[in-house]
Amino acid sequence: MLSDAVAEPAPRNNGEIAFTIKWVASIIQIMGYTATAFGWTPWNIYLFVIGLIGWFAVGVLWNDRALILIHLVALGAMLVGLASS
């Protein structure tokens, strides 16, 4: 009987996942800019690293090599900065 069937939610596609990740990562990076403006170190770097990882994930989901490259380089620079502080 159709009325007895329980509808399962449709799986999220990569587009929806990427959309969510990019907005969360963007908000976190804006928080990083704010932390930088107020001199809240090292929190600013932590926020930037989280945002960079988010945008790197979006690049992977979109198969966008330019996004992957720029965020890998930026992530590397941030991690070196964290290690040297």
Side-chain angles (χ1 to χ4, degrees):
M1 237 176 155
L2 285 177
S3 61
D4 292 337
V6 176
E8 293 188 28
R12 298 184 83 179
N13 63 27
N14 280 351
E16 290 177 37
I17 294 168
F19 178 84
T20 302
I21 293 172
K22 78 176 183 175
W23 280 105
V24 170
S26 294
I27 290 167
I28 291 171
Q29 284 190 314
I30 290 168
M31 292 168 62
Y33 296 130
T34 303
T36 299
F38 286 100
W40 298 337
T41 55
W43 289 103
N44 60 338
I45 301 298
Y46 299 148
L47 291 166
F48 283 130
V49 168
I50 294 167
L52 287 170
I53 291 169
W55 270 103
F56 172 78
V58 171
V60 170
L61 289 170
W62 285 350
N63 196 27
D64 185 324
R65 286 186 248 164
L67 275 178
I68 293 169
L69 175 65
I70 193 66
H71 289 93
L72 271 180
V73 171
L75 181 60
M78 292 286 180
L79 292 176
V80 167
L82 275 175
S84 67
S85 58

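Owing to the predicted nature of the structure, the values given are computational and were not obtained by experimental measurement. Starting from 1, each residue takes its place in the sequence as its number.
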Novice: Please work out which of the three classes, parallel, tilted or perpendicular, describes the rings of His71 and Trp55, given edges at 30° and 60°.
Specialist: parallel

Novice: Step by step, work out the side chain to side chain contact (heavy atoms under 4.5 Å, CB included) result for Thr41 and Asn44.
Specialist: CA-CA 5 Å; Thr41 55; Asn44 60 338; 3.5 Å; yes

Novice: Looking at every heavy atom in both Gly54 and Ile21, which two are closest together, and how far apart are they?
Specialist: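 Taking every non-hydrogen atom into account, O-CG2, 3.2 Å.
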
Novice: Would you say Leu69 and Leu75 are hydrophobically clustered, going by side-chain heavy atoms of ILVMFWY under 4.5 Å?
Specialist: no

Novice: Applying the 4.5 Å side-chain criterion to the ILVMFWY set and letting contacts propagate, would Ile53 and Ile68 be lumped into a single cluster?
Specialist: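 No; tracing contacts between hydrophobic side chains, which count when under 4.5 Å, never links both residues.
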
Novice: Do Ile45 and Leu79 sit in the same hydrophobic cluster, where Ile, Leu, Val, Met, Phe, Trp and Tyr count as joined when their side-chain heavy atoms come under 4.5 Å apart?
Specialist: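 Yes, because Ile45 and Leu79 connect within a single hydrophobic cluster, where side-chain heavy atoms sit under 4.5 Å apart.
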
Novice: Flag yes if Tyr46 and Phe48 sit in one hydrophobic cluster, no otherwise; membership is Ile, Leu, Val, Met, Phe, Trp, Tyr, and two members link when side-chain heavy atoms are under 4.5 Å apart.
Specialist: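 As far as the 4.5 Å side-chain criterion goes, Phe48 and Tyr46 are connected within one cluster.
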
Novice: Could you pull out the closest heavy-atom pair between Ile28 and Gly51, with the gap in Å?
Specialist: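 Here Ile28 and Gly51 meet closest at CG2-N, 3.9 Å.
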
Novice: Which heavy-atom pair separates Leu67 from Val58 by the least distance, and what is that distance?
Specialist: CD1-CG1, 4.5 Å

Novice: Say you draw a straight line from OG1 of Thr36 to CD of Gln29; how long is it, rounded to the nearest 0.5 Å?
Specialist: 11.0 Å

Novice: Working to the nearest 0.5 angstrom, can you tell me the gap between Ile70 CD1 and Phe56 CZ?
Specialist: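 One finds 13.0 Å between CD1 of Ile70 and CZ of Phe56.
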
Novice: Decide whether Val24 and Ile27 are clustered together by the hydrophobic rule: side chain heavy atoms of Ile, Leu, Val, Met, Phe, Trp, Tyr closer than 4.5 Å, transitively.
Specialist: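 Shared cluster, yes.
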
